[in-house]
Amino acid sequence: MSYIITIDGPTGSGKSTVSRLLAQRLNYRYLDTGAMYRAVGFAILRAGVDLHNKEEITKICNGLDIKFIHEGDSTKIYLGNEDVTKAIREPVIDLIASNVSALDTVRKVMTTLQRRIGSQGPLVVEGRDMGTVVFPDAQHKFYIDASLEVRVNRRFQERQKRGEFISREKVKEDLIKRDSQDMSRHLSPLRPATDAKIIDTTKLSLDQVVEKIMKDMKMNKE
Ligand code: DC
């Protein structure tokens, strides 16, 4: 098996930035599995399929050609020949991605794809079930979290930077709803793997979190 580092955690925990920085430091590939569920949500929304129509959702999911194209420090995500990098970050996709991610057929297709990417060489992979389900034998597992207030602030600032007009209260409401959905679903719920190192990022800069992870990996080198 390739060398895999898993980083799981809730919305706004800082896991995307930390994973990207870590992959750069180690010169590993980086995979954002949330982007994959977002791409599925986007395709389903565009096809106008009802979220209860499992059969049609499975069909769409099986036919999706999801590609990651790395350009310098940024990664673009494509569906076939279409660049959907920006579209999958639209707020409307947040909850749809969470909804479709609870379906067993969708998870099965995504898990297979994620493992295939994982088999192709060293990887930093982030998501909700990387350490628990997709890569249970990963060499290093981390679960990063932060207080609700800090997570809401990070998400709020992110969305303001993108020029969205949204209240902090609405960001908080959406974040609580999505996390509760991701944590309480029957399949692969968000939770730390029993052998994951839990890092609270509330009072740390994201660079400090990367340092902490690097130190921990050095200490637990196999
Ligand atoms: O990381 P994100 O917020 O972009 O993820 C979007 C949704 O995808 C999230 O609400 C839950 C789902 N997801 C998942 O179920 N499993 C993963 N490994 C990654 C994301």
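Since this is a predicted model, take the numbers as computed values, not measurements. For ligands, and for the atoms within them, numbers begin at 1 and follow the listed sequence.
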Trainee: If you count the atoms of ligand 1 from 1 in the order shown, which ones are under 4.0 Å from a heavy atom of Gly127?
Mentor: 18 (N), 19 (C)

Trainee: Which of the numbered atoms in ligand 1 are under 4.0 angstrom from any heavy atom belonging to Met130?
Mentor: 18 (N)

Trainee: Counting from 1, what ligand 1 atoms have a heavy atom of Thr33 closer than 4.0 Å?
Mentor: 17 (C), 18 (N), 19 (C)

Trainee: Give me the residue, atom name and distance of the protein heavy atom closest to atom 20 (C) of ligand 1.
Mentor: Gly34 CA, 3.5 Å

Trainee: Under 4.0 Å between a side-chain nitrogen and a carboxylate oxygen: does that hold for Arg162 and Glu158?
Mentor: yes

Trainee: Does this structure show an ion pair linking Lys172 with Glu169, if we count only N-O contacts that are shorter than 4.0 Å?
Mentor: no

Trainee: Under a 4.0 Å threshold between the charged nitrogen and the carboxylate oxygen, would Arg46 count as salt-bridged to Glu82?
Mentor: yes

Trainee: Ligand 1 versus Met183, non-hydrogen atoms closer than 4.0 Å: side chain, backbone, both, neither?
Mentor: neither

Trainee: If you measure from the Lys or Arg side-chain nitrogens to the Asp or Glu carboxylate oxygens, is any gap between Glu149 and Arg154 under 4.0 Å?
Mentor: no

Trainee: Return the orientation label for the Tyr3 and Tyr28 ring planes: parallel under 30°, perpendicular over 60°, tilted otherwise.
Mentor: perpendicular

Trainee: Which value, rounded to the nearest 0.5 Å, describes the distance between Leu206 atom CG and Arg20 atom CZ?
Mentor: 10.5 Å

Trainee: Side chain, backbone, both or neither: which part of Arg107 has a heavy atom under 4.0 Å from ligand 1?
Mentor: side chain

Trainee: Report the part of Met36 (side chain from C-beta onward, or backbone N, CA, C, O) that has a heavy atom under 4.0 Å from ligand 1; answer both or neither where that applies.
Mentor: neither

